[in-house]
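Have a look at the structure below before the remarks.
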Number of protein chains: 2
Amino acid sequence: MTDTKAALLAAAHTVVGREGIAGTSARVVAAEAGVNQALVFYHFGTVTELVATACTEAADASVASYREELAAVGSFTELLAVGRTLHEREQASGNLAVMAQLMAGAQRDPLLAAAAQHAMEAWNREVEIAVRRVLADSPLLEITDRAGLARAIGAGFIGLELYEGVDAEGAQQALAALEQLGAVAEILDDLGPVARRAVRARLRRTSRST
Amino acid sequence: MTDTKAALLAAAHTVVGREGIAGTSARVVAAEAGVNQALVFYHFGTVTELVATACTEAADASVASYREELAAVGSFTELLAVGRTLHEREQASGNLAVMAQLMAGAQRDPLLAAAAQHAMEAWNREVEIAVRRVLADSPLLEITDRAGLARAIGAGFIGLELYEGVDAEGAQQALAALEQLGAVAEILDDLGPVARRAVRARLRRTSRST
DNA sequence: GTCTATAGAGGGATAGAC
DNA sequence: GTCTATCCCTCTATAGAC
């Protein structure tokens with residue numbers, strides 16, 4: 001990969017995160033990269049193609065950097081801890097803002113939609129592995145769809161990131177509330193045998209009736 | 001309010017939902033409304049002002065239409081039921097897509113940010129009332145921040161809507177998984193006295209240690 | 001591979017007639 | 001209040017020199 005190509009990819013990521021998908025143009029990205037505007041089209045054909053490539057590569061790299069950490073998660077408390085540091089680091093790096101903007105743009109651009117789906121799938125795969133391990137000994141295992149839960153977690157992060165840009169304090173409140181709820185699941189697993197049996201029986205009954 | 005103003009507001013809402021915030025221009029909105037492009041600026045000054053007004057009014061009207069239904073919610077099961085019909089109707093009407101696009105645009109436009117914050121606050125107020133009633137007799141009451149939970153629910157809807165545009169099947173899976181989890185809370189409230197005491201004691205211990 | 005220059009389209013916004 | 005006409009800007013994309 002040439003220096004210019006790499007510079008454009010990095011700049012595209014920066015600009016999408018900072019200016020939003022609506023503010024991302026060939027001129028702005030090229031200026032950010034310190035290269036000529038025409039090189040966007042020489043190397044990537046279209047602006048959309050550049051943005052899609054940049055987002056895909058960034059997401060893949062980011063997911064890979066969390067693979068081991070997520071796979072090693074063994075309890076709800078650990079999952080919540082990893083989730084919080086993951087959220088903080090992804091937010092600080094701008095990856096979360098980029099993902100949110102990518103998904104907003106994906107609503108009417110098929111190429112961005114494909115990139116967004118790829119990125120979400122990459123995250124979902126790793127999160128699902130962690131969720132599977134965490135639920136292995138939980139009474140929740142029988143009624144919970146792990147794939148669905150992993151997707152809900154991913155989508156929730158996106159929503160929180162957008163909310164963060166609108167009301168930072170409210171978003172922190174929301175995150176804290178979710179962590180409290182996550183702790184409840186941990187508690188279910190740590191109950192004594194009697195209470196645990198009661199919960200389990202109740203869960204079984206309810207899931208049949210649904 | 002003149003016919004033209006109303007037509008422009010309705011058209012702005014439609015266009016933002018259909019074309020996204022990046023595809024919303026004075027010309028497109030005016031064409032959708034069947035009026036002259038210059039009238040956007042005569043009536044609203046700027047395109048952004050028109051979009052912000054349209055989103056604010058739509059959100060206020062929508063929240064108002066759910067006020068009674070949400071306030072009457074008495075159990076988790078009821079809250080989940082209202083949540084599902086609310087989600088379906090808001091999605092069908094395009095309000096959810098508009099909110100998601102508004103929040104994406106809000107990341108770099110202060111006027112849109114103000115509109116988005118207003119809309120989210122309006123929803124949060126009503127959702128929080130419902131959450132408060134639902135948690136009134138729950139062991140979760142002591143450790144749960146109701147305002148934070150309401151905000152998490154709102155942000156979650158936004159994330160799910162964006163995810164829906166990228167992977168409709170995955171979004172449905174996520175929604176179903178969340179409903180399963182919601183049912184767990186309901187179960188906690190319906191446990192027998194022994195189990196309930198065990199859960200309550202455990203919750204109290206954990207919340208102190210956090 | 002990189003540059004300049006530019007075509008061609010669309011967009012925000014205003015002036016001025018009606 | 002509404003219309004036409006227009007200015008000026010930014011945008012994508014390409015042609016062609018180097």
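We use all heavy atoms of the structure for the numbers below, so side chains are in, but hydrogens, waters and symmetry mates are not. In what follows, chains carry the letters A, B, and so on, assigned in the order in which the sequence lines appear, proteins first and then strands, with residues in each chain numbered from 1. Source: prediction; values computed, not measured.
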Is there a side-chain contact (heavy atoms from CB on, under 4.5 Å) between B:R89 and B:Y66? Walk through the geometry before answering.
CA-CA 11 Å; B:R89 269 192 262 166; B:Y66 276 100; 3.3 Å; yes

Kindly write out the residues that satisfy side-chain contact (heavy atoms from CB on, under 4.5 Å) with B:F76, not counting sequence neighbours, or none if the list is empty.
B:V134, B:L135, B:L140, B:A185, B:E186, B:D189

When the distance from CG of B:L111 to C1' of C:dG12 is rounded to whole Å, what number comes out?
15 Å

A:L141 side chain reached by A:R146 side chain, heavy atoms, under 4.5 Å
yes

List for me each residue that meets salt bridge (Lys or Arg N to Asp or Glu O under 4.0 Å) alongside B:E121, sequence neighbours excluded, and say none if there are none.
B:R151

Positions of residues 4-21 of chain A (non-hydrogen atom under 4.0 Å from DNA chain D), listed by number:
none

Can you tell me if the side-chain N/O atoms of A:S25 get under 4.0 Å from OP1 or OP2 in D:dC11?
yes

Could I get the full list of salt bridge (Lys or Arg N to Asp or Glu O under 4.0 Å) partners for A:E126, not counting sequence neighbours?
A:R67

Taking atom CD of B:Q101 and atom CG of A:L162, what is their separation to the nearest 0.5 Å?
9.5 Å

Student check: side-chain heavy atoms of A:N95 and A:H13 closer than 4.5 Å
yes

Just to be sure I understand the geometry, which residues of residues 29-43 of chain A put a non-hydrogen atom under 4.0 Å away from DNA chain D?
A:Q37, A:A38, A:F41

Only counting residues at least two apart or in another chain, list the ones meeting salt bridge (Lys or Arg N to Asp or Glu O under 4.0 Å) with A:E78.
none

